[in-house]
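One-based numbering along the sequence shown.
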Amino acid sequence: MRIFIAGMDGYLGWSLALYLAARGYEIAGADRFLRRKWVAEIGSYSALPIASPEERARAFHENFGKMLQLSVGDLCDYGFVRDSLAQFQPDAIVHFGQMPSAPYSMMDVHRSIWTQTNNITSNLNILWAMHEVCPQAHLIKLGTMGEYGTPGLDIPEGFFEVEFRGRRDRLPFPRQPGSFYHLSKVHDSHNTAFACKVFRLRATDVMQGVVFGTHIAEMNVDPRLRSRLDFDQCFGTTINRFCCQAIIHHPLTIYGAGGQRRGYLPLRDVMQCLHLILQNPPADGEYRVINQFDECHSIRELAQLVEDVSRELGYATCQTHYENPRIEAESHHYRPDREQLLQLGYRPHHDVKSEIRIMLNDLAQHAERIAAKRDLLIPDIRWDGSRRKSAALPAVKQHSQ
């Protein structure tokens, strides 16, 4: 099977390229290396040192016996997208090539507009290029559970049955995104569903939970193959950020009351999920939505898990609540479905706590590197448009929720 990965140099894209190459798939992809530039732009870097694109290509060839087919270009350039897909003729396209940060999209008007322009345009370019040069391909579009928001209802997988004024229909579940980034992903979902309808394309929209983890097994053979792990306020997802804080004995930064609940899954299990989806494509013309996560936890629960494991390993850490820079519900109902992955045969490899232990061991040798950027661990990007550091909340409030 021939797989094209848009955004191959990123946290997920690079991991998937290695995972699939190790299983005999023919891989090609595209990237503009913007993730590296975005993180540098806000003054940070990956907690785990990562190889240059050239070093990665050499390591890929030496370990898998294949040349890395990675084209450098802009997914917002339709000619580049069309030519890349026409030349490779993929059986499936995995679209990771977008700006993935809610805080980055809320920094200012320029980054807000750029996020939506980049994400929506790149997705439309892929849809049109598929229609023109590889209509048989299966698109796996990376969505996010954040598209749904936090409704007071259970969250189905994309669609639900609704009755209104005596009539029933199956309709898309309402989206209530919480940032300009998440709004861009909602637009992508609508555009993808429409393209499947009018172009008879087939697509799986993966509503993914928060991903965490330092490596997959295929990276262990060569340090040049490791993927990035960010810990700054823009690109460092919750557990990744907490683990980096714990390693340097920095208080775990809980935003607000910490009752926000989300779905989480380890990087290694993301690979298993995507592999199953690739092996089980939808029918022609079908727009399929799959919710992808393992466990649901509140931020407080995650912080406690990280603190518990850290103390077992000898790292003294604690939790501190900060003013929440985001506009979001800090206590809410959250019960999403995830039946389709289980039906495809998905079985989690690790629970959150065991994966945290692996992460802390991986990060330990890079404590000084993380500590050098400790000033980036307190958020100052606020949803109201201002830029000021969040203050620690009084201890009495921390325990009153």
Side-chain angles (χ1 to χ4, degrees), residues 1-36 46 48-73 75 81 83-98 100 126 130 134 136-142 204 206 208 211 213-229 265-281 292 341 344-347 349-350 358 362:
M1 186 182 290
R2 300 165 64 83
I3 313 297
F4 187 90
I5 303 174
M8 190 193 282
D9 188 59
Y11 179 53
L12 295 177
W14 181 245
S15 302
L16 185 63
L18 302 182
Y19 185 91
L20 295 178
R23 286 157 179 78
Y25 290 82
E26 186 171 352
I27 309 298
D31 210 293
R32 197 177 161 195
F33 309 118
L34 290 181
R35 176 62 170 267
R36 298 174 185 245
S46 170
L48 302 175
I50 54 173
S52 68
E54 295 76 19
E55 290 172 323
R56 279 185 165 181
R58 285 193 292 272
F60 187 93
H61 178 248
E62 291 169 15
N63 286 280
F64 298 107
K66 304 174 182 178
M67 298 301 295
L68 183 64
Q69 300 183 61
L70 174 59
S71 301
V72 180
L75 294 175
V81 175
D83 291 348
S84 296
L85 296 184
Q87 180 177 357
F88 186 63
Q89 284 298 308
D91 298 301
I93 300 160
V94 184
H95 185 17
F96 290 149
Q98 296 184 312
I126 288 175
M130 288 176 63
C134 55
Q136 81 294 335
H138 169 204
L139 173 64
I140 298 178
K141 183 188 80 66
L142 184 65
T204 301
V206 179
Q208 183 166 269
V211 181
T214 45
H215 73 267
I216 62 173
E218 288 72 21
M219 296 172 185
N220 291 341
V221 298
D222 189 326
R224 295 173 297 172
L225 295 177
R226 82 180 100 197
S227 193
R228 64 181 309 112
L229 186 128
L265 73 168
L267 180 63
R268 69 184 74 242
D269 283 341
V270 173
M271 300 300 106
Q272 181 196 168
C273 292
L274 294 171
H275 192 203
L276 286 168
I277 292 169
L278 284 167
Q279 292 176 314
N280 297 274
Q292 182 175 283
L341 278 175
L344 293 178
Y346 170 61
R347 298 295 180 267
H349 288 142
H350 294 275
I358 294 170
D362 284 349

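- The distance from atom CZ of Phe96 to atom CG of Leu274, rounded to the nearest 0.5 Å, is 5.0 Å.
- What you find for Ser227 and Tyr11 is that their closest heavy atoms are OG-O, 3.1 Å.
- The side chain to side chain donor-acceptor pair (under 3.5 Å) test applied to Gln69 returns no partner, not counting sequence neighbours.
- The neighbour count for Gln87 CD, taken as heavy atoms of other residues, nucleotides or ligands under 6.0 Å away, does not exceed 12.
- For the atom pair CD (Glu54) and CG (Leu70), the distance works out to 10.0 Å, reported to the nearest 0.5 Å.
- Here the side chains of Lys141 and Gln98 are not in contact, with every heavy-atom distance at 4.5 Å or above.
- Using a 4.5 Å heavy-atom threshold, the side chains of Trp14 and Arg228 count as separate.
- One finds the CG atom of Asp362 at 9.0 Å from the CG atom of Leu229 (value rounded to the nearest 0.5 Å).
- The closest donor-acceptor contact from the side chain of Arg226 to the backbone of His215 lies at 3.5 Å or more, if one exists at all.
- Annotation: the span from Asp269 atom CG to Arg347 atom CZ amounts to 12.0 Å, rounded to 0.5 Å.
- With a 4.5 Å cut-off on side-chain heavy atoms, Pro90 and Leu85 count as touching.
- What you find for Leu225 and Leu18 is that their closest heavy atoms are O-CD1, 3.3 Å.
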Give the C-alpha distance, both sets of side-chain angles, the deciding distance and a yes or no for side-chain contact (heavy atoms from CB on, under 4.5 Å) between Arg23 and Glu218.
CA-CA 10 Å; Arg23 286 157 179 78; Glu218 288 72 21; 2.9 Å; yes
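- Listed here is the closest heavy atom pair of Cys273 and Leu341: SG-CD1, 3.7 Å.
- Among residues two or more places apart in sequence or in another chain, the salt bridge (Lys or Arg N to Asp or Glu O under 4.0 Å) test is passed with Asp9 by Arg36, Arg56.
- By the side chain to side chain donor-acceptor pair (under 3.5 Å) test, Tyr19 is found to be paired with no residue, residues two or more places apart in sequence or in another chain being considered.
- Between Ile93 and Cys134, some side-chain heavy-atom pair lies under the 4.5 Å cut-off.
- Considering all non-hydrogen atoms of both residues, Asn280 and Leu276 come closest at ND2-O, 2.8 Å.
- Contact annotation: the side chain of Leu48 never approaches that of Met219 to less than 4.5 Å [non-hydrogen atoms, C-beta and beyond].
- Under the 4.5 Å side-chain criterion, counting only non-hydrogen atoms from C-beta, His61 is not in contact with Leu68.
- Remark: His349 NE2 to Leu265 CG distance equals 12.0 Å, nearest 0.5 Å.
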Checking side-chain contact (heavy atoms from CB on, under 4.5 Å) for the pair Leu278/Leu20: CA distance, chi angles, key distance, verdict?
CA-CA 10 Å; Leu278 284 167; Leu20 295 178; 3.9 Å; yes
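- In this view, Arg58 satisfies the salt bridge (Lys or Arg N to Asp or Glu O under 4.0 Å) rule with no residue, not counting sequence neighbours.
- Taking Arg35 as the reference, Asp230 meet the salt bridge (Lys or Arg N to Asp or Glu O under 4.0 Å) condition, with sequence neighbours excluded.
- Of all heavy-atom pairs spanning Ser15 and Leu267, the tightest one is OG-CD2, 3.6 Å.
- Using cut-offs of 30° and 60° for the angle between ring planes, the Tyr25 and His275 rings count as perpendicular.
- Considering only residues two or more places apart in sequence or on other chains, Arg224 meets the salt bridge (Lys or Arg N to Asp or Glu O under 4.0 Å) condition with Glu62, Asp222.
- Between Gln292 and Ile277 the shortest heavy-atom distance is OE1-CD1, 4.0 Å.
- Rounding to the nearest 0.5 angstrom, the gap separating the OG1 atom in Thr204 from the NE2 atom in His138 is 3.0 Å.
- Remark: side-chain polar atoms of Gln272 are not paired, donor with acceptor, to backbone N or O of Tyr346 under 3.5 angstrom.
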